Structures are given as C-alpha cells and as structure tokens.
Amino acid sequence: MRIVRPCLGGILIVLKKKIVIVGGGAGGLELATRLGNKLGRKRKATITLVDCTHTHLWKPLLHEVAAGSLDDDVDALSYLAHAHDHHFSFQWGRLTNINRERQTLQLAQICDEHGVELVPSRELTYDILVIALGSTSNDFGTPGVKEHCVFLDDLHQARYFHSEMLNLFLKHSVCPRKKKGVNIAITGGGATGVELSAELFNAVKQLHNYGFDNADHGVLNVTLVEAGERILPLLPLRISAAAHLELSKLGVRVLTNTMVTGVTSSGLKTQRGEFIDADLIVWVAGIKVPDFMKGIGGLETNRLNQLLVKPTLQSTRDPHIFAVGDCASCQKEGGGFVPPRAQSAHQMAAHCFSNILSLISGKVLKPYVYKDHGALVSLSRFTTFGSLMGNLMRGSMMVEGRIARVFYILLYRLHQVALHGYLKTSLIMLVGGINRLLRPRLKMH
Ligand SMILES: Cc1cc2nc3c(=O)[nH]c(=O)nc-3n(C[C@H](O)[C@H](O)[C@H](O)COP(=O)(O)OP(=O)(O)OC[C@H]3O[C@@H](n4cnc5c(N)ncnc54)[C@H](O)[C@@H]3O)c2cc1C
C-alpha cells in the first residue's frame, strides 16, 4: 500500500498514498470514515476530507431543519472532531479546479463574514481523488428563481427558510391578515417537496401550542406545484396517489401538470397563466451539479455536470479519480442510471472503499451494482408511505404507517452506523429519545 521510490545515495523513501475526498456528505463522509479506520489508523495512507462547511448533517433531514422539527445544533456533526476520532484529517475549503497532470486540486480562498481573506487559495496534492460533492437544485433557467426562491441544498439555506417561516407566523400572529393567512409555495413534487409540505402543517400546530395565537391549521396555505403528471414521479403510482390524497386531506393544494414559468417577489407564474400568491417560495425541483464541475480537469461530464464514471466508479478518463453519490453519473446494470439518492451514496461509498483498497494493492477492481431497496416518504407525524424491495419480495411491496416509519428511519440509522459504529449509534438513539422528552418539539429561534 506504499510507493517505494529510490532517492539520492540509494536510500529508499517510503511514500504513503495520499487519498483526498472532496465532499463530506452522505457518501463522502462514510468513505473518509471507513478509509480512516482501515488505512489511516495504521498509518498506511493519509486520508484528507475537504468540505466547504464545518459540520455534517445528513441531507435528507434538511426539510426537518427548515420546518424546525429538527434542531441542527444538536444533530450536526463536527468534521474536525469526527476526523480526529477516525484517523483522517479535515480541510475546510471549496474545490474550484483539478490539475490532473500535477495531481493537485485547487481550493478557493477562505474569507470571514466581512469578506476579509483568512486563508488564501491553496493546492492539495493527491494520489487518489474521490469527488463526492453532491448536487444542488436545478432552476432550469426559470426567470426569478435565483432572486426570489429559497433552496434547500444546505444547512444554511434550511436555517434561512426556518427563520423566514417563523417571521411570517410572528407577523401573522400579531397582525392577522384577514382571509390571506400565510402562503407558502413549494415547486417540485418530489420527496423533498412532499415531505416539507407535511412538515409545515406539523410546525403550525406546534406554533399554536407555543402561543402563536393566530397560527392554526386554517392559516397556513401550502401550494405544491409539480410540472409532471403526478407527484413523487420516481415512486410507484399507488404511493404517489396515496401521498396526493393525504396531502389534500391536510389542506395542501397540489397542482400537477403545472409548469412554473417565472417567479416574482410575490409568487409564481404558471404556463397556464395562473399567478400563485406566495409569501415564501421554496424551489426543490430537480438536481444538477454546480457549473464549475463542467469538464473539470478535462474529465467527462454530462449535461447535469455529473462526472461520468465506469462501473468501478473510476472516472472515464482517469483511473485515479473516483466519483460517488449525486455528482456521479453511473450506468445501472440493464440500463438507466443510478438515481441521486441517499441509499445510492451509501452503497457507492462502501463500494468505492473496497475498490480503493484493491487499487492500491494492485488487485482487480469490481463493478458496482446498484441495489434498489425501495423508497419511503414521510408525511411528518401524519403518516409514512413507501415501497420496499428486496430478496424476499418479488417486485415491490407497499408499506404504510408505523412499519414504513421504521424503515424510513432505518436508512438514517445505517448512515449513523457507518459513521459511528453500533455502540455509539445506540447511544445517540438513546440520547435522541431523552431529548424528545426534554427539548421543545419545534425549534423556535
Ligand atoms: C431536503 C432533501 C431531502 C432528501 N430526502 C431524501 C430521502 O428521503 N431519501 C433519499 O434517498 N434521498 C433524499 N435526498 C437526496 C439525498 O440527500 C442525496 O442523494 C444524498 O445526500 C447525496 O449524497 P452525496 O454524498 O452525493 O452528497 P451530499 O450529501 O449532498 O454531500 C455533499 C457534500 O459536499 C460538500 N460540497 C459541495 N460543494 C463543495 C465544494 N465545491 N468543495 C468542497 N465541498 C463541497 C457539501 O458541503 C456536502 O457536505 C434528499 C435531498 C434533499 C436536499
């Protein structure tokens, strides 16, 4: 696992492999942890994780942060502390470019909140590089989206939505707007849009309990807008129909076959000529990888700027560069592409780990085969739906209610186990249970 190079005087220098992972999300952090535990601990390689933020929060929880049902101050994980415990190092920085000839990557300068430079732009060298920097929402070039919509791509944006939501309810609570209420529009009827719609109704109930006098169920108007013919287009039809029905019962106005053509400060314009009034607009329609990734370092990318990878997860043009998670375009066996999901990132991280070990010990790398275990959607405390797939079932099986909730939570627990092991995850669950008794049900600040 080491490179042995001759040098002056015939003395041999043993160089440890430098493995750099960019992006400490669902896939990248699991990979860094595994590599740290396996290679970093025995000093067989140096593992460096680079992320543009200080803390990790599993992305599928962001809509709960936005609605206030999850307190990220409690749940977010410090990269530096985690790196220390798992024998890798962490560098705070934002990737801007890759130089494949020199095997370096470029990180942007770091500035403080006033724009004053703290750390100049810098380079890191690598022997093996893994790109795991996820994806962001795709505005499809729709006018007004960047200026007037809130995205839910990171913790900062989720917190921003949360504080805007609290401000709206505060205003309405003190000076109620007769017949108008609080209008929130969500563009994108995928899992995030559906789950956020339901979370908002949970939030309004808690706000009422905590003394926001005029905040009750009837005051919140949520419009969920989907361009396709049904919400949850990637899930089986019956789940999408059941979710549509549940959301309508909650009071969500679900608009399908509705293309948003523009956004203003006061709402959405649709292709049919309708204007949807909104005090707060969330854009969660589709994904893409940030534009700087287009053709980065001469690597092959697709129209969503995802890196094209071979079944081994190595980039098509460079065997020393891997990509995992949302930023990788990986073909599935039998056609189609691996979907941008947390379970894909989790599986790819485990597979990339094995392939990196094979690469540095000169063994043959194995192809990654995506295993679809189904998909679950949580409508907050109201219900959970989904389909499960596995060896015991032929095709998919629809699950609902408590059983579905257990499987929904299981995906997050698997992520935690990959990061912390079984013992620490059990303790985290215990503390979580105690916190549910001790802490407010809604974050109010
Ligand atoms: C609100 C929401 C809800 C979701 N719900 C579900 C769900 O229920 N089930 C499901 O399967 N999937 C869900 N997803 C999708 C899932 O979160 C992603 O598929 C998964 O997180 C992808 O993992 P990743 O490791 O590729 O990227 P991410 O988890 O997004 O991590 C990327 C990391 O890269 C860092 N980064 C980004 N750019 C740079 C840069 N230039 N330099 C350095 N670091 C960088 C980021 O800070 C981040 O830490 C949801 C997504 C969202 C936004």
Side-chain angles (χ1 to χ4, degrees), residues 20-32 48-67 70 76-77 79 90-98 105-108 110 124 130-138 150-158 161 186 188 190-196 199 232 234-235 282-287 289-293 296 305-307 323-330 338-349 352 372-379 384-386 407-412 414-415 418:
V20 178
I21 299 147
V22 181
L29 187 57
E30 289 190 14
L31 179 62
T48 305
L49 175 70
V50 177
D51 200 285
C52 53
T53 62
H54 293 285
T55 55
H56 164 77
L57 186 86
W58 198 56
K59 212 171 167 185
L61 296 175
L62 284 180
H63 67 282
E64 293 186 30
V65 175
L70 187 111
L77 178 67
Y79 284 122
F90 172 68
Q91 293 247 359
W92 182 33
R94 182 179 290 278
L95 175 76
T96 52
N97 213 345
I98 300 171
L105 48 99
Q106 189 80 38
L107 301 183
I110 301 175
L124 288 184
V130 184
I131 306 291
L133 50 70
S135 61
T136 56
S137 304
N138 193 344
V150 182
F151 298 99
L152 284 189
D153 295 329
D154 59 38
L155 200 46
H156 177 75
Q157 294 168 347
F161 176 90
I186 301 171
T192 310
V194 168
E195 294 186 335
L196 179 64
E199 267 321 319
L232 301 174
L234 300 180
L235 270 69
V282 190
W283 189 274
V284 284
I287 64 137
V289 178
D291 289 335
F292 82 91
M293 283 290 292
I296 191 166
N305 305 327
Q306 290 171 305
L307 282 177
V324 298
D326 287 6
C327 70
S329 169
C330 179
V338 175
R341 286 195 194 158
Q343 62 170 312
S344 320
H346 173 74
Q347 292 173 18
M348 283 171 147
C352 188
D372 190 350
H373 296 301
L376 293 144
V377 181
S378 163
L379 301 190
T384 304
F385 288 107
F407 281 102
Y408 181 82
I409 294 170
L410 191 66
L411 187 59
Y412 180 42
L414 286 175
H415 176 63

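We count ligands from 1, going down the list as the structure has it; atoms in each ligand are counted the same way. None of the values given here were measured: they were computed from a predicted structure.
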How close do W58 and A342 get, counting heavy atoms only, and between which atoms?
CZ2-CB, 3.6 Å
Do any N/O atoms on V22 end up under 3.5 angstrom from N/O atoms on ligand 1?
no
Residue, atom and distance of the protein heavy atom nearest atom 35 (C) of ligand 1 read D51 OD2, 3.2 Å
Atoms in ligand 1 with a heavy atom of G325 nearer than 4.0 Å
26 (O)
With a cut-off of 4.0 Å, which atoms of ligand 1 are near a heavy atom of G93?
42 (N), 43 (C)
With backbone taken as N, CA, C and O and side chain as the heavy atoms from C-beta onward, which portion of W92 lies under 4.0 Å from ligand 1: side chain, backbone, both, or neither?
neither
Please work out which of A108, C52, A191 has its closest non-hydrogen atom nearest to atom 36 (N) of ligand 1.
C52
Residue portion contacting ligand 1 (non-hydrogen atoms closer than 4.0 Å) for A342
both
List ligand 1 atoms under 4.0 Å from G27, heavy atoms only on the residue side.
25 (O)
Among all the protein's non-hydrogen atoms, which is closest to atom 29 (O) of ligand 1, and how far away is it?
A26 N, 3.0 Å
For ligand 1, which atoms, with element, lie under 4.0 Å from some heavy atom of G134?
26 (O), 27 (O), 30 (O), 32 (C)
For F292, state whether at least one heavy atom is located under 4.0 Å from any atom of ligand 1.
yes
Among all protein heavy atoms, pick the one closest to atom 31 (O) of ligand 1 and tell me residue, atom and distance.
G25 CA, 3.1 Å
Around atom 40 (C) of ligand 1, find the nearest protein heavy atom and jot down its residue, atom name and distance.
L95 N, 3.7 Å
Under 4.0 Å to a heavy atom of P340 - the qualifying atoms of ligand 1, by number
19 (O)
Heavy-atom contacts with A132 under 4.0 Å: which atoms of ligand 1 show up? List them by number with element.
32 (C), 33 (C), 34 (O)
Element-labelled atoms of ligand 1 that are located less than 4.0 Å from some non-hydrogen atom of L152
53 (C)
Which option out of T136, L49, T55, T192 puts a heavy atom nearest to atom 51 (C) of ligand 1?
T192
Minimum-distance protein heavy atom relative to atom 37 (C) of ligand 1
L133 O, 3.4 Å
Under a 4.0 angstrom heavy-atom cut-off, which atoms of ligand 1 come close to R341?
11 (O), 12 (N), 19 (O)
Examine ligand 1 and decide if any of its atoms is less than 4.0 Å from a heavy atom belonging to Y79.
yes
